[in-house]
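Have a look at the structure below before the remarks.
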Amino acid sequence: MSETAESLNFIEHIVEEDLQGGYPKKALRFRFPPEPNGYLHIGHASSICLNFGLGLRYNAPVNLRFDDTNPIKEEKAFVDAIKKDIEWLGYKWDTERYASDYFQQLYDWAVEMIMDGKAYVDSQSSEEMASQKGTPTEAGVDSPYRNRSIADNLEIFEAMKNGDYQEGSHVLRAKIDMASQNMLMRDPIMYRVLHKAHHRTNTDWCIYPMYDWAHGESDYIEEVSHSLCTLEFAMHRELYNWFLDQVVVSDKVRPKQREFARRNLSHTVVSKRKLLQLVEQDVVNGWDDPRMPTISGLRRRGYSPAAIRNFADTIGIAKRENLIDVSLLEFHAREDLNKIAPRVMGVLDPVKVIITNYPEGKEEWLETENNPGDELAGNRKVPFSKEIYIERDDFKEEANRKYFRLKLGGEVRLKSAYIIKAESCTKDIDGNIMEIQCTYDPKSKSGSGTEESMRKVKGTLHWVSVAHALKAEIRLYDRLFTDESPDTHKDKGFMDFINDESLQVITGYLEPGLKDAKVGEQMQFQRLGYFCVDPDSTNDNLVFNRTVGLRDTWAKIQNK
RNA sequence: UGGCCUAUGGUGUAAUUGGUAACACAGCUGGUUUUGGUCCAGUCGUUCUAGGUUCGAGUCCUAGUAGGCCAACCA
């Protein structure tokens, strides 16, 4: 059937092998299991695309399950933000689940385990338990409570649940093997006492299950066939399977955990804990700051869902260490925006041009295309007059042939307008150019069909009529960190590499049609880059974010 | 020093499971262009090391080397 030799990642190979081994396709089910204690970031996007992509490929359901077993850090607000991000990325979950939905079932199973002699209440301090844990090369020793009677265990565990004990006084532990090579198998904690309201169960519970106990059993309850997580959980697999062994019945799907490498993005950090630190220490203005590698940050920055999905697809899924250059993400932003973003003109670093032979007070509305690569995008009109702004970079008094922008005595085309020639310029006492005097060729009007309008001129500049220009706040972003891998240094922390110049706010002069641009609207400022309207934007103060600059070959030439 | 995982161009990921090492990005050279954008064409460069099995090894075997992970009442 699949004639196209499409390449599969190793997770897809595992699923294919299971299918070939007789695993019923109908039984396939996946899940995306975020903890609602922060915002989703670009690393999660990879996991989302993997799990939901698998769902799409095999026409299998994908659950959204909030792993909400720790009320200390989790909040409803994060649940809402996570749902919004997944929907925005374009995915639909089958059912919305919460690990907290299973607290009763988990509790009942735990009671059964106690009765089977597979779990016990330990009443030591965490320090004591840690000291008994041993090291990777030395076995641990048994807790003095390890052989507490079943009756006592049952009684104390129930009292723990009922809130009769203080936090830290008791825990429920699985009775496995204190000498295991795998530290996680040395009688792991299943429950701790926590007198804290939960965002869903409120104060119903005074004990909360630990990740290892809750996660696999939740997969089992939901009949998830393939439970995919990141590499740091590889050692947890043995425990995952052990816990499943305690509860599985033969006729139900037994989930299978497999691990893949988290994706690292250059010049940023991809860790909720570290991103939280940036937010709390006001390095950025919140989780959705356009410099953040969060889904919400990228959205506000102007990235499209397709760009992020294509990026995730391109970087793939594997098991080795990786550091993906952020320029690849930027490539995908440009690739998608190039197709969908209408072109407009805006000058961000203006210098005034006076067209000396253009009639005083005259104004023309010139026709220009919205997207040269898309005929369906249509045209619009932009006003032209005697005084215009061009980019300061686009003029030099003298320059060599490689510089095909405006220079004294030279000609350029003003995009969709006329060919002009620089005659002279005036400067302030410091030598800064204040104004450029040009003449224009009245017969060279773009689209007029005249011989003069067809003339080949090497350079074409964007411009804005001074009288009609719309002032706007422009936010230019740069990488948040100066180091490509800020959190992998032995001697320094990631906070030592913060880029102080990651945000630059300037005033730009835009074509007047942009007055009605809506929040979130994306566009290309011709010759400059892709921009979008920030949520901070108001009628009185338009605010634009630069998503990403255009590829800049000229900058490369200059650097040589 | 115990266990687990990984090693393919500058980066990321593939390789019909033992049969021509490919794709994308980046780089470089041209062409087109009223965006130094887009688009088009061409080009550069790779299987950690050493042995072994085989007609044939990125893939299998042996021994190394390097990197990551593992001892929270976090997930």
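Chain identifiers are assigned alphabetically (A, B, ...) following the order of the sequence lines, protein sequences preceding nucleic acid strands; residue numbering begins at 1 within each chain. Just so you know, these numbers use all the heavy atoms, side chains as well, and skip hydrogens, waters and symmetry mates.
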Roughly how far apart, to the nearest Å, are rC69(B) and rU46(B) at atom C1'? 27 Å
What's Gly134(A) touching, base or sugar-phosphate or nothing? Going by heavy atoms closer than 4.0 Å. base
Atom-pair distance (NE2 on His195(A); P on rC73(B)), nearest Å: 17 Å
A correct 5'-to-3' footprint of nucleotides 3-17 of chain B, with B, S and - meaning base, sugar-phosphate only and no protein heavy atom under 4.0 Å, is BSSSSB--SSSSS-B
Separation of the P atoms in rG10(B) and rU47(B), to the nearest angstrom: 9 Å
With nearest nucleotide decided by heavy atoms, which residue, Ser444(A) or Asn70(A), maps closer to the 5′ end of RNA chain B? Ser444(A)
In whole angstrom, give me the gap between the P atoms of rU65(B) and rC28(B). 40 Å
Name the residue closer to the 5' end of RNA chain B, choosing between Ser453(A) and Phe331(A) according to the nucleotide with the nearest heavy atom. Phe331(A)
Could you identify the nucleotide paired to rC60(B), looking across every strand shown and requiring Watson-Crick or G-U wobble geometry with both distances under 3.5 Å? rG52(B)
I'd like the P distance from rA15(B) over to rC60(B), given in whole Å. 13 Å
Are the charged groups of Glu511(A) and Arg343(A) less than 4.0 angstrom apart, N to O? no
Base, sugar-phosphate, or nothing for Lys272(A), non-hydrogen atoms under 4.0 angstrom? nothing
Using atom C1' of each nucleotide, how far apart are rA7(B) and rC55(B) to the nearest Å? 29 Å
For the side chain of Tyr403(A), starting at C-beta, report the closest nucleotide among rU35(B), rG36(B), rA75(B). rG36(B)
Roughly how many Å apart are rU11(B) and rC74(B), using the C1' atom of each and rounding to a whole number? 33 Å
Heavy atoms under 4.0 Å, any strand shown: does Lys556(A) hit a base, just sugar-phosphate, or nothing? sugar-phosphate
Take atom P in rG19(B) and the same atom in rU13(B), then report the distance between them in whole Å. 22 Å
Less than 5.5 Å between centroids and less than 30° between ring planes, does Trp554(A) satisfy that with rG36(B)? yes
Are Glu391(A) and Arg527(A) within salt-bridge range, i.e. N to O under 4.0 Å? no
rA75(B) P sits how many Å from His41(A) NE2, rounded? 17 Å
Is there a donor and acceptor pair, one atom on the side chain of Arg527(A) and one on the base of rU35(B), closer than 3.5 Å? no
Pro372(A) side chain: which of rU34(B), rG37(B), rG36(B) is closest? rG37(B)
Could you check whether the rings of His215(A) and Tyr240(A) sit parallel, tilted or perpendicular, using 30° and 60° as the cut-offs? tilted
Sort out for me which residue in Arg413(A), Lys421(A), Arg455(A) forms a salt bridge (charged side-chain N to carboxylate O under 4.0 Å, His left out) with Asp441(A). Arg455(A)
